[in-house]
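Worksheet: the structure to be examined is printed underneath.
All values reported here derive from a predicted model rather than from experimental measurement. Whatever order the structure lists them in is the order used to number ligands and atoms, beginning at 1. All heavy atoms count here, side chains included; hydrogens, waters and symmetry mates do not.
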Amino acid sequence: METTKLIVGLTGGIGSGKSVVCSRFANLGIFVVDADIVARQVVEPGCAALQQIQSHFGKDILEQNGALNRSKLRDIIFSQPTEKEWLESLLHPIINLEIRRQLSQAESAYTILASPLLLETKQFQLVDRILVIDTSEQLQIERASNRDGKNEAQIISIMRTQLSRQDRCARANDIIQNHGDISELDEQVEKLHQLYLELADSMKQSKQ
Ligand code: ADP
């Protein structure tokens, strides 16, 4: 990454606790760029990407109010791999550019890029360090199904599209173990925050 600021990439499987951890870092004053939010922003009405999606899939891909019909799009790309490829080759570079733009505006001591697909896409190339939020598959299923009102099978099918727990952890520089309660989570966040402040500081000094 060409910026002089430390950028930490935060990832984890569905229900691992990414959003909770992000809000803890945000409470410590750290700027968080959320790749999921960016992915929604780039297809908002008026954006060039939405126009291209409409020309490709037809007007039926939009809701009456002009917004993208996400569940329709999801159904198409789930059953048609070539359409999934088309969509990804359109959106990934646009999302990447917007993530870079948002990261460059960060003013905190270091910045976090949170993305469920950090390691599955090229987004990991934007970060200096990888933080994985890890929990058991059983807890992932329990927490995600309670949160989303989905059944176990639906959560498991999403987990299958993501990296395995083992492969994800193997690529981590840091791991937060989210098997306990929120106070245990906070202790780990606080320790990492201190580490990242030190790393950010030494990066700044070596660039001076
Ligand atoms: P992700 O963003 O990785 O999908 P979330 O941060 O939304 O996961 O966490 C999934 C659900 O589990 C949320 O409802 C969250 O409040 C809950 N949760 C996360 N960590 C804990 C924890 N340590 N103890 C209790 N509930 C938790």
Walk me through whether Thr11 and Ile133 qualify under side-chain contact (heavy atoms from CB on, under 4.5 Å). CA-CA 6 Å; Thr11 192; Ile133 316 304; over 6 Å; no

Residue shell for ligand 1, any heavy atom closer than 4.0 Å, reads Gly13, Ile14, Gly15, Ser16, Gly17, Lys18, Ser19, Val20, Arg143, Arg147, Asn178, Gly180, Asp181, Ile182

Are Ile7 and Leu126 close enough, and set up right, to give a side-chain contact (heavy atoms from CB on, under 4.5 Å), and what steps lead you there? CA-CA 8 Å; Ile7 300 175; Leu126 299 172; 5.8 Å; no

Is it the case that the side chain of Glu187 and the backbone of Glu184 share a donor-acceptor pair, with hydrogens and angles ignored and the cut-off at 3.5 Å?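 No, Glu187 side chain to Glu184 backbone: no donor-acceptor pair under 3.5 Å.
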
Looking only at side-chain N and O atoms, does His92 offer a donor or acceptor that is under 3.5 Å from a partner on Gln123? no

Is there a continuous path of hydrophobic side-chain contacts, each under 4.5 Å between heavy atoms, that joins Val43 to Leu90?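 Yes, one cluster joins them.
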
Do Arg40 and Glu44 meet the salt-bridge criterion of a basic N to acidic O distance under 4.0 Å?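 No salt bridge links Glu44 with Arg40.
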
